[in-house]
Amino acid sequence: MASIHISCTCSTAAAAAAPSSSLLQDGRRRAFLFAFFPSSSHLPTVTHCKRPGSLARVSLQDPVPQTSADPPAESQASPELRAAPAVRSTIWVNPNNPRASRLRQQSSESRYARLAQLAETLDSCNPTELEVAEKLSVLGEKPSEQEAVIVLNNMGNPETALLSLRWFQEKIRVKKDVILYNVTLKVMRKCRSWDGAESLLKEMLEKGVEPDNVTFSTIISSARVCNLPEKAVQWFERMGEFDCRPDDVTYSAMIDAYGRSGNVDMAMKLYDQAREEKRRLDPVTFSTVIKVYSTSNNFDGALNVYEEMKALGVKPNLITYNTLLDAMGRAGRPWQVKTIYREMESNGFSPNRATYAALVRAYSRARYPEDALRVYREMKGKGIELNVVLCNTLLAMCADLGYVDEAMEIFQEMKRSPELCKPDSWTYSSLITIYSCSGQVEEAESIFTEMVASGFEPNIFVLTSLIQCYGKAKKIDNVVETFDRMLKLDITPDDRFCGCLLNVLTEAPVEELGKVIECISRANPALGSLVKQLVDEKVEDKVIKVQAEELFTNIGKEVKKAYCNCLIDLCVNLDMLERACVLLDMALRLGIYSGLQSKSTTQWSLHVRSLSLGAALTALHVWMNDLSRALENGEDLPPLLGINTGHGKHRYSEKGLASVFESQLRKLNAPFHEAPDKVGWFLTTKVAAKPWLESRNSPTVAAV
DNA sequence: ATAGGGTTAG
């Protein structure tokens with residue numbers, strides 16, 4: 001049996017970077033806009049004069065004309081709320097004159113500002129009837145309903161809002177009491193007071209105030225922000241009792257509520273219902289549905305909605321695009337992100353912060369470093385600040401791909417804008433991983449020191465990274481020391497951390513395996529005992545088989561493959577290939593690995609892309625045995641045989657998997673050759689493979 | 001901004 005020694009080195013895999021996309025240049029966007037608005041600078045800036053040609057009396061002391069049909073109440077408010085300051089005279093202005101609308105706008109703005117100011121005052125005053133009434137008295141005895149709406153809408157204190165509502169109800173005898181209730185419901189939602197919202201709604205019903213669609217959409221979205229989806233459903237289902245038929249806004253709110261509560265089927269049912277009832281849905285509803293599909297990982301569904309929306313002639317807006325870009329990013333489909341982004345730009349939209357955030361996330365997650373870093377630099381260039389999550393996302397990508405310099409550039413930038421992007425323990429963890437991958441132990445240690453000096457307690461992530469680093473550098477004593485430190489900090493090792501120890505095990509010199517195994521035993525006794533048996537030649541393979549199967553059915557799904565990779569690597573390192581095969585077989589039976597072999601009429605293939613080096617070589621060994629057996633059984637081979645090692649973007653293989661395979665295939669005298677036109681493939685023909693497999697079958701030639 | 005729904009993540 002030939003020995004295969006595995007050394008997991010983390011190299012820079014920058015060469016594997018995807019080609020950068022071509023963002024549309026600004027010029028093209030401008031050209032597009034120009035085609036639609038060739039003389040946009042000549043567009044009139046004043047458009048809201050309703051009666052052109054007529055002379056209207058515009059007095060700055062008059063209340064702003066109300067939009068409702070109600071006759072304006074005689075103003076009795078105190079002058080400082082009614083009038084703009086320092087302008088006392090009544091003037092006559094032609095409404096066609098831009099000055100008129102400007103003055104009117106100014107007056108409306110300052111009036112709004114005063115009412116918003118009043119809301120702020122009410123927010124911070126004592127929640128007593130007396131004090132609230134005192135603050136509100138500046139509105140006079142007969143405030144308008146509009147004033148009430150503006151004040152309440154700007155409030156954020158549920159107690160004083162309720163008292164203000166009472167005051168307004170006292171002063172204003174309006175038929176449409178529902179509006180004041182609705183706007184107060186919004187305050188309850190703003191401060192996430194479900195009880196406040198629901199009791200207000202119940203009060204409405206008791207007093208016989210008819211709720212409307214606005215009431216229901218507000219209560220539904222309140223339930224949503226309060227994480228009470230069942231309440232949203234409950235009220236939604238009661239709409240019929242009040243002769244309310246949900247309109248598009250209510251549907252949209254409810255689709256969102258169902259989506260967030262994980263009831264995708266109901267969300268989609270409502271969407272279909274809304275589509276049947278409504279001739280036209282607006283982009284918000286579509287964005288909501290795209291989001292629902294996206295969060296339930298139905299990414300094709302999300303794309304379909306987008307296509308449907310376009311087919312129905314509804315123009316996507318920026319939020320639609322942002323939602324969709326984010327969905328495709330979550331789906332891990334950076335190519336679709338590019339297509340959609342191009343489409344977005346060609347439709348005249350410029351990216352905003354959320355767009356950029358979606359792009360950074362998408363490209364970072366997909367490990368498209370050129371694109372991710374280009375977007376990052378574009379944001380920096382435009383002065384759009386990133387936040388710590390986005391920066392950390394970029395750093396995690398850099399850590400995976402070994403982009404040391406770029407990571408340092410981002411880290412320095414983060415330190416320069418601490419108010420937005422203050423490095424956190426996540427940041428430090430990525431940096432330690434980066435240095436650990438490039439084998440820079442001292443740099444990793446100094447980052448660790450800097451982190452502690454910045455006031456962060458070492459957490460499990462950071463310590464995992466640090467142990468990884470020491471493992472790569474074969475500093476096993478430091479691994480043990482760090483492990484002890486972790487236990488002293490009362491941190492309980494998790495599955496991932498044990499995976500890290502297993503990884504160290506595959507890198508440690510044989511004479512130091514015992515030290516690492518000791519740590520593993522303390523972190524996870526079951527795993528420790530399996531490893532102890534695994535490295536013991538005296539233990540029989542069938543015992544290993546039983547023990548391993550028991551362990552693997554009981555550990556977390558997300559670490560199964562990683563554990564398997566490590567254990568198989570360990571066996572291969574110790575020249576126990578049969579034992580590695582036992583583990584591989586178990587992994588296939590438990591579905592931990594799948595699709596390793598495939599057969600079509602023209603080609604049989606071996607796929608080792610998600611395997612570690614040892615596991616991949618073990619799979620190769622098994623495949624070749626299978627091929628030999630097929631020949632022995634008189635089966636005919638297809639014209640082509642292929643091995644797919646992948647293009648080396650993932651953590652384990654990098655460029656390593658392909659190059660190890662190349663030398664291993666040479667060692668075996670196997671006639672496979674790297675395909676010049678298919679990256680990551682080794683190919684051979686039936687004609688070349690047959691004699692080789694036959695010679696391999698002769699008993700004098702050892703197995704792999 | 002003037003009663004209701006939608007882009008926040010590792």
Side-chain angles (χ1 to χ4, degrees), chain A residues 64-68 105 108-116 119 144-154 165 174 176-187 189 211-222 224-225 232 236 244 246-257 259-260 270 274 281-292 294-295 316-327 329-330 344 349 351-362 364-365 386-397 399-400 424-427 429-430 461:
Chain A
V64 170
Q66 307 219 347
T67 43
S68 75
Q105 207 181 338
S108 149
E109 272 170 17
S110 68
R111 175 168 161 277
Y112 181 86
R114 276 150 204 280
L115 293 168
S144 72
E145 190 185 354
Q146 197 185 24
E147 285 170 324
V149 166
I150 296 175
V151 170
L152 286 169
N153 194 54
N154 278 287
L165 173 68
V174 280
K176 291 187 162 189
D177 219 10
V178 61
I179 294 180
L180 292 188
Y181 273 112
N182 287 346
V183 78
T184 314
L185 275 177
K186 267 177 77 181
V187 180
R189 184 186 57 192
D212 58 11
N213 261 314
V214 177
T215 316
F216 283 108
S217 53
T218 312
I219 201 80
I220 288 167
S221 68
S222 302
R224 175 171 85 63
V225 298
F236 177 68
C244 278
D247 62 10
D248 50 350
V249 174
T250 319
Y251 272 129
S252 173
M254 203 49 222
I255 288 170
D256 193 44
R260 282 174 199 255
L270 281 192
L281 292 174
D282 67 358
V284 176
T285 307
F286 287 107
S287 300
T288 309
V289 179
I290 290 172
K291 179 83 183 161
V292 170
S294 164
T295 46
N317 63 20
L318 189 56
I319 289 172
T320 318
Y321 282 116
N322 291 347
T323 311
L324 201 58
L325 288 169
D326 194 61
R330 288 166 42 90
M344 184 192 111
F349 291 100
N352 67 6
R353 233 191 81 84
T355 319
Y356 281 123
L359 293 177
V360 166
R361 269 199 309 274
S364 296
R365 287 171 59 122
L386 286 93
N387 62 22
V388 66
V389 176
L390 285 179
C391 287
N392 286 347
T393 306
L394 280 160
L395 287 174
M397 174 194 73
D400 259 12
D424 62 10
S425 56
W426 201 305
T427 315
S429 162
S430 287
F461 302 106

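So that the names make sense, note that chain A is the first sequence line, chain B the second, and so on, each numbered from 1. Side-chain atoms are counted along with the backbone in the values below, which use heavy atoms only and exclude waters and symmetry mates.
B/dG10 and B/dG6 have their C1' atoms separated by 23 Å, with the value rounded to a whole Å. Atom P of B/dA1 sits at a distance of 14 Å from the matching atom of B/dG5, rounded to the whole Å.
Across B/dA3, B/dG10, B/dT8, the shortest atom-to-atom separation from the side chain of A/W426 is found for B/dG10. Picking from B/dT7, B/dG5, B/dT2 the nucleotide with the shortest atom distance to the side chain of A/R260 gives B/dT7. Here the nucleotide nearest the side chain of A/A253, chosen from B/dT2, B/dG5, B/dG10, is B/dG5. If you check B/dT7, B/dA9, B/dT2 against the side chain of A/Y112, the one that comes closest is B/dT2. Looking at the side chain of A/T285, the nearest of the listed nucleotides B/dG6, B/dT2, B/dG5 is B/dG5. For A/N182, taking side-chain heavy atoms from C-beta onward, the closest of the listed nucleotides B/dA1, B/dA3, B/dG4 is B/dA3. Closest to the side chain of A/V284, from the set B/dA3, B/dA9, B/dG6, is B/dG6. Side-chain proximity of A/R361 to the nucleotides B/dA9, B/dA1, B/dT7 is greatest for B/dA9. Of the candidate nucleotides B/dT7, B/dA3, B/dG6, B/dA3 has the atom nearest to the side chain of A/K186.
Rounding to the nearest 0.5 Å gives a distance of 11.0 Å between CG of A/L152 and CG of A/N182. Expressed to the nearest 0.5 Å, how far CG of A/N154 lies from CG of A/L115 amounts to 8.5 Å.
Distance alone, capped at 3.5 Å, places no donor-acceptor pair between the A/S294 side chain and the A/I290 backbone. Looking only at distances, a side-chain donor or acceptor of A/D282 sits under 3.5 Å from a matching main-chain atom of A/T285. Looking only at distances, a side-chain donor or acceptor of A/T295 sits under 3.5 Å from a matching main-chain atom of A/V292.
Going from atom CZ of A/R330 over to atom P of B/dG10 covers 7 Å, rounded to whole Å. Rounding to whole angstrom units, CG of residue A/L115 and C1' of B/dT2 are separated by 9 Å. Spacing between atom CG of A/D400 and atom C1' of B/dG10 amounts to 12 Å, rounded to whole angstrom units. Rounded to an integer number of Å, the gap from CZ of A/F461 to P of B/dG10 is 12 Å. Atom-to-atom, CG of A/L165 to C1' of B/dA3 comes out at 12 Å; the value is rounded to the nearest Å. Protein atom CD1 of A/I179 is 11 Å distant from nucleotide atom P of B/dG4, rounded to whole Å. In this entry the distance linking CG of A/L325 with C1' of B/dG6 reads 15 Å, nearest Å. Between the P atom of B/dT8 and the CG atom of A/L359 lies a distance of 12 Å, rounded to the nearest Å.
The base of B/dG4 has none of its N or O atoms less than 3.5 Å from a complementary donor or acceptor on the side chain of A/T218. Side chain A/N322 to base B/dG6: no donor-acceptor pair is found below 3.5 Å. A donor N or O paired with an acceptor N or O is found under 3.5 Å between the base of B/dG6 and the side-chain atoms of A/N317. Residue side chain A/T323 does not reach the base of B/dG6 through any donor-acceptor N/O pair under 3.5 Å, judged by distance alone. At a cut-off of 3.5 angstrom, the base of B/dG4 holds no donor-acceptor pair with the side chain of A/D212.
Proximity of A/K291 to the phosphate of B/dT8: a side-chain N or O atom is located under 4.0 Å from OP1 or OP2. Of the side-chain N and O atoms in A/R189, one or more sit less than 4.0 angstrom from OP1 or OP2 of B/dG5. Between A/R353 and B/dT7 there is no side-chain N or O to OP1 or OP2 distance below 4.0 Å. In this model, the phosphate group of B/dA9 is not approached by any side-chain N or O of A/R365 to a distance below 4.0 Å at OP1 or OP2.
Note on A/D326: only backbone sugar-phosphate atoms sit closer than 4.0 angstrom, heavy atoms only; bases stay farther off. Among the protein residues, A/N153 comes within range of the sugar-phosphate backbone only, with heavy atoms under 4.0 Å from sugar or phosphate atoms but none that close to a base. Within 4.0 Å (heavy atoms only), A/S364 reaches no atom of the nucleic acid at all. Nucleic acid contact class of A/T250 (heavy atoms, under 4.0 Å, all strands): base. Heavy atoms of A/D282 sit under 4.0 angstrom from at least one base atom.
With hydrogens and angles left out, the side-chain atoms of A/S252 and A/T288 include a donor and acceptor closer than 3.5 Å.
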Inset, instruction - Please step through side chain to side chain donor-acceptor pair (under 3.5 Å) for the pair A/R189 and A/S221, ending with a clear verdict. - result: CA-CA 8 Å; A/R189 184 186 57 192; A/S221 68; 2.7 Å; yes

